[in-house]
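In listed order, ligands and their atoms are each counted from 1. What you are looking at is a predicted structure, and each value in this text was computed from that prediction instead of being measured. Atom set for the values below is all heavy atoms of this structure, side chains included, hydrogens, waters and symmetry mates excluded.
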Amino acid sequence: MIDETKIHNLLEKTKKASLSSDRIDEILSKAKEKATKPSSEFEQNLTLEDVATLLNIDSKNENLTNRLFKTALHIKERIYGNRIVLFAPLYVSNYCAASCLYCGFRAQNTSLERKILTDEELIQEVEALQRQGHKRLVMLMGDHPKYTIDDFIRHIKIAANVKTLPHGAIRRINVEIPAIGIDDFKKLKATNHVGTYILFQETYHRETYKKMHPFGPKSNYNWRLETMTRALDAGMDDVGIGALLGLYDYRFEVLSLLTHARFLDNKFSIGPHTISVPRIKKAANAPCSENPPYAVDDLDFKKLTAILRIAVPYTGIILSTRENPDIRKELLNLGVSQISAGSKTDIGGYSKKHNTDSSQFSLSDNRATNEVIYELIKLGFIPSWCTACYRSNRTGKNFMDIAKKGEIHNLCHPNALLTFAEYLLDYADEKTKMAGWKLIEDESKSITNASKKKFLKSALEKVMNNTRDVYI
Ligand code: SAM
Ligand code: SF4
């Protein structure tokens with residue numbers, strides 16, 4: 001699936017072309033045109049050579065990067081509008097037998113306080129997240145026989161059933177857990193609670209992969225690379241991919257991510273539902289986190305995010321609180337469509353005192369969820385907790401078919417506003433309520449489609465009258 005020589009050659013071959021503003025304009029115009037017109041084929045957007053050329057743009061060349069950013073924003077607005085989906089990570093176990101040189105959970109970090117949430121603690125964590133307004137979780141774990149996939153599945157079922165007043169409920173659980181086999185994927189699928197299975201390849205570069213994972217459960221590159229194939233073979237609806245930025249040349253990683261995405265789309269007619277762009281952060285006793293060998297600076301980070309937006313217009317881009325508020329704000333306009341808020345990476349961090357000694361890595365956005373939401377509103381974004389697609393069978397190929405016709409916005413826009421109205425009624429402070437209802441009013445006025453307008457009006461009335469979970 002990943003032909004390293006081909007990727008390196010493409011990067012080498014396109015260096016000269018990346019200096020030509022005519023060639024860059026040609027690629028950007030093509031991207032814009034393809035993303036604006038409904039396209040049925042994932043791979044018809046840009047060629048890998050086009051993407052390699054964009055990746056070779058000098059990130060300090062403002063003239064070229066501004067054109068790139070403008071195109072990314074245009075495509076994002078066309079396909080996603082101004083919605084930003086919110087989620088929270090929930091770590092359930094930090095036991096890990098793996099040797100990943102960049103991670104604070106690695107087995108060799110003997111000073112880490114190891115913990116598995118008890119059922120009662122898990123419930124407290126979910127309750128605490130619900131009180132912040134969260135409806136979508138990503139549940140995560142380390143890789144250790146002390147905490148098995150069966151333990152995890154039991155915890156998923158518990159988390160899915162936690163309820164708090166006034167209307168707290170988790171409507172969707174995505175999972176980011178170690179590479180598993182087909183039978184385990186079938187068990188995960190059978191819970192009926194799991195949305196997207198997320199797994200980062202970390203690095204697609206074999207030699208680097210070997211160095212970063214010298215032994216233990218994660219040291220087999222192929223087993224990890226083929227995980228998404230097993231997941232989809234087992235019937236999982238959606239998968240999310242990613243690369244840990246800083247381990248190897250980001251240009252190579254982005255081209256590999258796209259190669260992986262296209263491989264999945266060709267084989268299953270489902271591209272990845274999401275792509276994540278985590279940059280390495282400092283982690284305790286993790287040698288590679290201090291000085292990542294290929295650290296990605298902000299300019300390159302913005303450029304690569306914009307390129308992903310352009311190259312896979314229908315795939316969500318996830319940004320976490322690894323990044324600071326300023327860069328998060330900038331990336332919202334370059335292609336990011338989902339963000340975490342109020343996150344903790346230690347075990348039990350939401351309901352107990354935050355304990356950095358048991359966290360996976362350091363975070364750079366420590367704002368409370370409501371602060372992040374208020375900022376989104378002020379920037380003109382609609383915070384969304386929508387999970388409608390999962391309950392309306394719009395997953396996998398069904399989702400992609402609607403998305404590629406450019407129609408998903410008609411469903412997501414009213415659904416996002418409805419979940420946002422729920423948040424304002426149930427969890428927001430006065431300041432956020434005022435700004436939020438004004439945003440809903442403006443957004444409602446901007447709808448021109450008569451039936452969408454009618455649906456939203458009657459659905460909003462239902463929400464105001466205490467009905468929850470109203471969606472198309
Ligand atoms: N333990 C599982 C695994 O590795 O497959 C599940 C994912 S792990 C809990 C979450 C992700 O955190 C990893 O895939 C890795 O990319 C990321 N990560 C690890 N150490 C990190 C660091 N120092 N900075 C940023 N992200 C890190
Ligand atoms: Fe364990 Fe995952 Fe961290 Fe590796 S990245 S040490 S597998 S938790």
Side-chain angles (χ1 to χ4, degrees), residues 89-110 112 114-117 137-149 152 174-181 184 188 196-204 208-209 211-221 223-228 230-231 239-248 253 257 274-296 301 318-324 340 343-347 349 356 358-365:
L90 173 54
Y91 283 76
V92 287
S93 164
N94 65 5
Y95 275 90
C96 198
S99 55
C100 318
L101 293 188
Y102 43 81
C103 181
F105 288 175
R106 62 201 289 266
Q108 295 69 31
N109 183 6
T110 47
L112 186 84
R114 304 279 168 178
K115 184 141 183 56
I116 297 169
L117 288 180
L137 299 183
V138 175
M139 283 175 63
L140 304 97
M141 66 195 248
D143 194 349
H144 199 284
K146 264 189 187 244
Y147 186 79
T148 64
I149 185 76
F152 185 69
N174 294 335
V175 299
E176 192 176 332
I177 58 168
I180 49 177
D184 285 338
L188 259 189
T196 306
Y197 170 75
I198 301 169
L199 186 81
F200 308 153
Q201 181 62 26
E202 317 297 11
T203 172
Y204 284 89
T208 308
Y209 189 92
K211 262 193 239 156
M212 293 294 155
H213 311 98
F215 57 86
K218 203 161 141 182
S219 53
N220 185 336
Y221 175 101
W223 173 252
R224 195 159 180 100
L225 186 63
E226 287 155 10
T227 309
M228 295 315 180
R230 295 194 297 280
V239 296
I241 60 177
L244 184 60
L245 300 169
L247 298 180
Y248 190 61
E253 304 292 16
L257 280 166
T274 55
I275 293 185
S276 298
V277 286
R279 279 197 291 187
I280 296 183
K281 305 301 294 184
K282 282 200 170 54
N285 297 317
C288 188
S289 73
E290 293 291 330
N291 247 331
Y294 286 83
V296 177
F301 191 42
I318 299 183
L319 187 70
S320 75
T321 54
R322 289 176 181 87
E323 301 300 334
N324 70 44
S340 49
S343 306
K344 304 275 185 266
T345 66
D346 55 332
I347 311 294
T356 43
S358 74
S359 46
Q360 192 190 11
F361 46 79
S362 63
L363 299 177
S364 301
D365 185 352

Between Y102 and ligand 1, find which residue part has any heavy-atom pair under 4.0 Å and reply side chain, backbone, both or neither.
both
Can you name the atoms of ligand 2, numbered from 1 with element, that are less than 4.0 Å from a heavy atom of K218?
2 (Fe), 4 (Fe), 5 (S), 7 (S)
Check each heavy atom of K282 against ligand 1 and say whether those closer than 4.0 Å belong to the side chain, the backbone, both or neither.
neither
Would you call A286 a ligand 1 contact, heavy-atom distance under 4.0 Å?
no
Centroid-centroid distance, Y95 to Y147, less than 6.0 Å
no
Please confirm whether M141 comes under 4.0 Å of ligand 1, counting heavy atoms of the residue only.
yes
So which protein heavy atom does atom 3 (C) of ligand 1 come closest to, and at what separation?
R224 NH2, 3.6 Å
Hey, is K218 touching ligand 1 through its side chain, its backbone, both or neither, going by heavy atoms under 4.0 Å?
side chain
Within the 4.0 Å heavy-atom cut-off, what C103 brings close to ligand 1 is both
With heavy-atom distances below 4.5 Å as the criterion, would you say the side chains of V175 and F152 are in contact?
yes
Tested for side chain to side chain contact (heavy atoms under 4.5 Å, CB included) against C100, the lone hit among K218, E202, Q108, M212 is K218
Could you please tell me which protein N, O or S atoms lie under 2.8 Å from atom 3 (Fe) of ligand 2?
C103 SG
With Y209, which of F200, Y248, Y221 fulfils ring-ring contact (aromatic ring centres under 6.0 Å, His included)?
Y221
Side chain, backbone, both or neither: Q201 near ligand 1, heavy atoms under 4.0 Å:
neither
Considering the options T203, V277, I280, which one meets the side chain to side chain contact (heavy atoms under 4.5 Å, CB included) requirement together with L245?
V277
Honestly, for D143 the part within reach of ligand 1 (heavy atoms, under 4.0 Å) is neither
